[in-house]
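Here is the structure we will look at.
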Amino acid sequence: MKDPCSCTPESRGSRFTLVARLGILAAVALPLAACTSAVKVAPFEGAETEACHAVGARWPSQVGPAQWRETAVESVTVAAWGDPAIIARCGAVPPGPTTLPCLDIGGVDWIMDELDDGYVFTTYGRSPAIEVLVPDAYETAPLLLPAFAAAAETIEQGPNRCS
């Protein structure tokens, strides 16, 4: 039987690549979560705000087929679901105008950026922004976004909208 504590970056598959590429696998979170199945993710700097705590109180219990997972940090501003993990974080710097696809999903605008191994969705026109990372193991990634509507709607929509 494989030792559950013997994971390496190579053994984590696409989740590691997605997490590493976006810089959310925090070296400081690794020692805090040694040998647990908790998802290693770090909050955005400055995420401990009233707005992000309101978002965290509204994270969904399930995202598509993915069930809620424990994270390696004790912050309501981050959350994870499934394996490989879908990761959400509040506190991102709101994106400005972009040429990336912008989707209106149930009244919440999301910018979609394709990665080598998944997608990153960022709310558009809300400050602070919410970022959702979806590994490519989940087909039709945009169809998972309605689960985040209640959390995103706790942050007021500003004047920037998808056109």
Side-chain angles (χ1 to χ4, degrees), residues 9 12 14-34 36-64 66-98 100 102-103 105-115 117-135 138 141-142 144-162:
R12 290 188 202 129
S14 65
R15 176 182 56 204
F16 178 79
T17 305
L18 181 64
V19 171
R21 173 147 185 223
L22 295 172
I24 56 177
L25 177 61
V28 294
L30 207 48
L32 298 174
T36 70
S37 64
V39 178
K40 295 158 189 74
V41 58
F44 282 109
E45 189 174 314
E48 295 299 324
T49 64
E50 186 176 323
C52 284
H53 279 259
V55 166
R58 304 292 305 266
W59 290 132
S61 58
Q62 185 171 338
V63 176
Q67 299 295 317
W68 178 267
R69 290 198 47 199
E70 178 184 1
T71 60
V73 295
E74 292 186 28
S75 174
V76 299
T77 68
V78 298
W81 301 262
D83 188 14
I86 296 167
I87 296 170
R89 302 188 300 162
C90 180
V93 173
T98 180
L100 292 171
C102 192
L103 312 168
I105 307 284
V108 176
D109 292 347
W110 298 91
I111 292 175
M112 179 177 79
D113 193 3
E114 187 172 359
L115 306 174
D117 54 356
Y119 293 89
V120 59
F121 297 93
T122 308
T123 53
Y124 184 64
R126 296 173 193 264
S127 182
I130 297 169
E131 176 187 86
V132 177
L133 304 167
V134 181
Y138 299 92
L144 299 174
L145 295 176
F148 297 98
E153 289 170 348
T154 65
I155 299 172
E156 186 177 335
Q157 176 68 48
N160 293 341
R161 299 292 315 232
C162 292

Problem set entry | Within residues 147-162 or reaching into it, pairs that qualify as salt bridge (Lys or Arg N to Asp or Glu O under 4.0 Å) - sequence neighbours excluded |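 Sorted pair list: Asp109-Arg161.
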How far does [atom1] of [X] sit from [atom2] of [Y], to the nearest 0.5 angstrom?
| X | Y | atom1 | atom2 | value |
| --- | --- | --- | --- | --- |
| Asn160 | Thr123 | CG | OG1 | 11.5 Å |
| Ile130 | Arg89 | CD1 | CZ | 12.5 Å |
| Met112 | Cys102 | CE | SG | 10.5 Å |

Could you check whether any side-chain N or O of [X] sits under 3.5 Å from a backbone N or O of [Y], counting only pairs where one atom can act as donor and the other as acceptor?
| X | Y | value |
| --- | --- | --- |
| Thr122 | Ile111 | no |
| Glu114 | Asp117 | no |
| Arg126 | Ala152 | yes |
| Trp110 | Val132 | no |
| Arg69 | Gly82 | yes |

Would you mind reporting whether [Y] and [X] have side-chain heavy atoms less than 4.5 Å apart?
| X | Y | answer |
| --- | --- | --- |
| Val39 | Trp81 | no |
| Val108 | Leu145 | no |
| Pro146 | Ile105 | yes |

Considering all heavy atoms, the nearest [X]-[Y] contact:
| X | Y | value |
| --- | --- | --- |
| Pro43 | Val73 | CD-CG2, 4.0 Å |
| Tyr138 | Pro84 | OH-O, 2.6 Å |
| Val76 | Trp59 | O-NE1, 2.7 Å |
| Pro128 | Cys90 | CG-SG, 4.0 Å |
| Tyr124 | Pro95 | CE1-O, 3.6 Å |
| Ala51 | Thr154 | O-OG1, 4.4 Å |

Exercise. Taking Ile87 as the fixed residue, which of Leu133, Val134, Thr71 is the one that meets the side chain to side chain contact (heavy atoms under 4.5 Å, CB included) rule?
Worked result: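 When side chain to side chain contact (heavy atoms under 4.5 Å, CB included) is applied between Ile87 and each of Leu133, Val134, Thr71, only Leu133 qualifies.
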For this session: Test Leu144 against Phe121 for side-chain contact (heavy atoms from CB on, under 4.5 Å), laying out the working first.
Result: CA-CA 11 Å; Leu144 299 174; Phe121 297 93; over 6 Å; no
